Amino acid sequence: MVKVVTYEELKENSTKKSLYVLIHGQVYDVTKFIDEHPGGDDVILAEAAKDATQAFEDVGHSDEARELLPGLLVGEFEKDGELKLASKSSSSGASVSDAVEQGSNLMYFVPLTLLGAYFAWRFYGA
Ligand code: HEM
């Protein structure tokens, strides 16, 4: 029987002390491996409690890297785990875009305020 790893377990193991990563629906325990990871520990830690598939694939990991995976396997990620992750990341995604939104509002706000101040000075000051 393949062990099923729940979303809660994935979240619980999201620190350097105990770290799981989710790649292609499979959960790997990288706690011992992380110090040996040629790409460094921070990139893997950044994928903790998330679906690391895209990050893993974007790097273009070699066949040797892929051959390490079975040795680190904990089990399969629970079926609706992806859904839980999706709803979690969409809310954090929203906060990222909120921040960007705020940034771009500020981008207009600052020059507009300066422009307003200039006209106030130009017409009322003179
Ligand atoms: C259990 C999962 C992982 C294993 C076994 C693994 C293994 C490896 C190995 C063996 C290399 C050396 C190059 C190669 O053979 O392709 C490597 C490089 C690298 N890995 Fe991973 N990796 C894992 C997860 C990740 C994750 C989640 C990221 C997140 C972005 C990542 C980012 C990188 C980067 C950026 C390099 C390039 C280092 C360089 O060329 O300077 N890896 N990885």
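In each ligand, atom 1 is the first atom listed, and ligand 1 is the first ligand listed. Computed from a predicted model, the values in this text were never measured in an experiment.
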Q) Rounded to the nearest 0.5 Å, how far apart are CG of L22 and OH of Y28? A) 9.0 Å
Q. Quick one: OG on S14 to NZ on K50, what's the gap to the nearest 0.5 Å?
A. 11.0 Å
Q: Would you mind checking which non-hydrogen protein atom is closest to atom 35 (C) of ligand 1, with the distance to 0.1 Å?
A: V59 CG2, 3.8 Å
Q: For the residue pair F123 and F119, categorise the inter-ring angle as parallel (less than 30°), tilted (30 to 60°) or perpendicular (more than 60°).
A: parallel
Q.
Taking distance alone, with N or O pairs closer than 3.5 Å, would you say H37 contacts ligand 1?
A. yes
Q.
Are more than 12 heavy atoms, taken from residues, nucleotides or ligands other than E82, located less than 6.0 Å from that residue's CD atom?
A. yes
Q: Please could you name the atoms of ligand 1 that V30 approaches to less than 4.0 Å, counting only its heavy atoms?
A: 1 (C)
Q: Give, for atom CG of D63 and atom CG of L68, the distance between the pair rounded to the nearest 0.5 Å.
A: 11.0 Å
Q. Rounded to the nearest 0.5 Å, what separation is found between the CE atom of M1 and the CD atom of E76?
A. 9.5 Å
Q) Quick one: OG1 on T15 to CG on L45, what's the gap to the nearest 0.5 Å? A) 8.0 Å
Q) Taking N or O atoms only and a 3.5 Å limit, does E64 qualify as a polar contact for ligand 1? A) no
**Q.** Shared hydrophobic cluster for V21 and L72 (ILVMFWY, side-chain gaps under 4.5 Å)
**A.** yes
(Q) Let me check something: do V4 and L83 share a hydrophobic cluster, defined by ILVMFWY side-chain heavy atoms less than 4.5 Å apart, either directly or through other members? (A) no
**Q.** Sub-4.0 Å atoms of ligand 1 with respect to non-hydrogen atoms of A65
**A.** 5 (C), 7 (C), 8 (C), 9 (C), 10 (C), 15 (O), 16 (O)
Q: Show which atoms of ligand 1 fall inside a sub-4.0 Å distance from at least one heavy-atom site of I23.
A: 2 (C)
(Q) Quick check on atom 20 (N) of ligand 1 - does any protein heavy atom sit closer than 4.0 Å to it? (A) yes
**Q.** 4.0 Å protein heavy-atom contact status of atom 15 (O) of ligand 1, strictly under
**A.** yes
Q: List the closest protein heavy-atom neighbour of atom 4 (C) of ligand 1: residue, atom name, distance to the nearest 0.1 Å.
A: F33 CE2, 3.5 Å
(Q) Give me the residue, atom name and distance of the protein heavy atom closest to atom 13 (C) of ligand 1. (A) S62 OG, 4.6 Å
(Q) Please list the nearest protein heavy atom to atom 26 (C) of ligand 1 with its residue and the distance rounded to 0.1 Å. (A) I44 CG1, 3.9 Å
Q | Heavy-atom nearest neighbour in the protein, as seen from atom 24 (C) of ligand 1, with distance rounded to 0.1 Å | A | F56 CD1, 3.5 Å
Q | Atom indices of ligand 1 within 4.0 angstrom of L69 heavy atoms, with elements | A | 1 (C), 2 (C)
Q: Starting from atom 11 (C) of ligand 1, locate the nearest protein heavy atom and write down its residue, its atom name and how far away it is, to 0.1 Å.
A: P38 CG, 3.3 Å
Q) Got the closest protein heavy atom to atom 38 (C) of ligand 1, with its distance? A) G39 CA, 3.6 Å
Q.
I need the contact type for D58 against ligand 1. Using non-hydrogen atoms and a strict under-4.0 Å cut-off, is it side chain, backbone, both or neither?
A. neither
Q. A55 heavy atoms, cut-off 4.0 Å: which ligand 1 atoms fall inside?
A. 29 (C), 30 (C)
Q: Measure the spacing between NZ of K17 and CD1 of I34 and express it to the nearest 0.5 Å.
A: 14.0 Å
**Q.** Stepwise side-chain contact (heavy atoms from CB on, under 4.5 Å) test for K84 and K11
**A.** CA-CA 11 Å; K84 294 183 196 165; K11 269 207 331 198; over 6 Å; no
Q | Check: H61 N/O within less than 3.5 Å of ligand 1 N/O | A | yes
